[in-house]
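Worksheet: the structure to be examined is printed underneath.
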Amino acid sequence: MFKHDPDLNQLIWQVVALIPPGKVATYGDVARQAGLAKAARRVGLALRQLPQGSKIPWHRVVNAQGRISLPDGTASQYTQRERLEAEGIVFRGNKSLDLRQYRWEPGGAE
DNA sequence: GTACTGACCAGAT
DNA sequence: CATCTGGCCAGTA
């Protein structure tokens with residue numbers, strides 16, 4: 001197995017790309033699927049380094065609390081929420097969604 | 001080499 | 001529900 005991959009970002013992006021519409025995944029879940037297990041932070045960095053215009057549905061990635069990690073007032077935060085709603089996801093009163101309902105459950109897909 | 005930070009997570013109080 | 005604590009990995013000073 002590779003120890004330090006130079007393309008962890010790509011790996012993470014690929015996993016994110018596997019998230020089906022209408023569902024979301026937590027940073028920890030993505031990390032686990034990517035084989036990084038405990039590197040949820042690395043996932044956040046990868047998304048932050050994610051270039052604009054990429055086909056990666058980064059908006060389907062939220063934190064373990066079912067909330068958008070991005071700070072309020074930023075375009076990214078607004079965009080993410082709008083996109084999720086467009087996918088059919090409904091937010092609760094404040095900015096949290098029901099992970100029990102929308103969490104992506106990886107199966108035999110890889 | 002150490003120290004601090006960050007789109008994090010889980011458990012305890 | 002709010003706050004704190006320890007852990008995890010990678011980047012930067």
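Here the structure is a predicted model, which means the values were calculated and not measured. In what follows, chains carry the letters A, B, and so on, assigned in the order in which the sequence lines appear, proteins first and then strands, with residues in each chain numbered from 1.
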N or O in side chain of A/R41 less than 4.0 angstrom from C/dC9 OP1/OP2: no
Among the candidates [options], find the nucleotide nearest to the side-chain atoms of [X].
X: A/A39; options: B/dA7, B/dC9, C/dC9; answer: C/dC9
X: A/W58; options: B/dC8, C/dC9, B/dA7; answer: B/dA7
X: A/L45; options: B/dA7, B/dG6, B/dC8; answer: B/dG6
X: A/S69; options: C/dA10, B/dA7, B/dC9; answer: B/dA7

Distance between C1' atoms of B/dG1 and C/dT12 (Å, rounded): 15 Å
C/dA13 versus B/dA7 - spacing of their C1' atoms, nearest Å: 22 Å
Could you state the [atom1]-[atom2] distance from [X] to [N], rounded to the nearest angstrom?
X: A/L11; N: C/dA10; atom1: CG; atom2: P; answer: 12 Å
X: A/R67; N: B/dC9; atom1: CZ; atom2: P; answer: 13 Å
X: A/L50; N: B/dA7; atom1: CG; atom2: P; answer: 15 Å
X: A/Q33; N: B/dC8; atom1: CD; atom2: P; answer: 20 Å
X: A/R92; N: C/dC1; atom1: CZ; atom2: P; answer: 7 Å
X: A/L99; N: B/dA10; atom1: CG; atom2: C1'; answer: 14 Å
X: A/N9; N: C/dC9; atom1: CG; atom2: P; answer: 17 Å
X: A/L47; N: C/dA10; atom1: CG; atom2: P; answer: 16 Å

A/R67 atom CZ: more than 12 heavy-atom contacts under 6.0 Å: yes
Side-chain donor/acceptor of A/S96 to backbone N/O of A/R92, under 3.5 Å: no
Side-chain (A/R83) to main-chain (A/H59) donor-acceptor, under 3.5 angstrom: no
Ring-face cation of A/R41 near A/Y27 (centre distance under 6.0 Å, axis angle within 45°): no
Earlier contact from the 5' end, DNA chain B, for A/R32 and A/Y27: A/Y27
Carboxylate-amine/guanidinium proximity below 4.0 Å for A/R103 and A/D29: yes
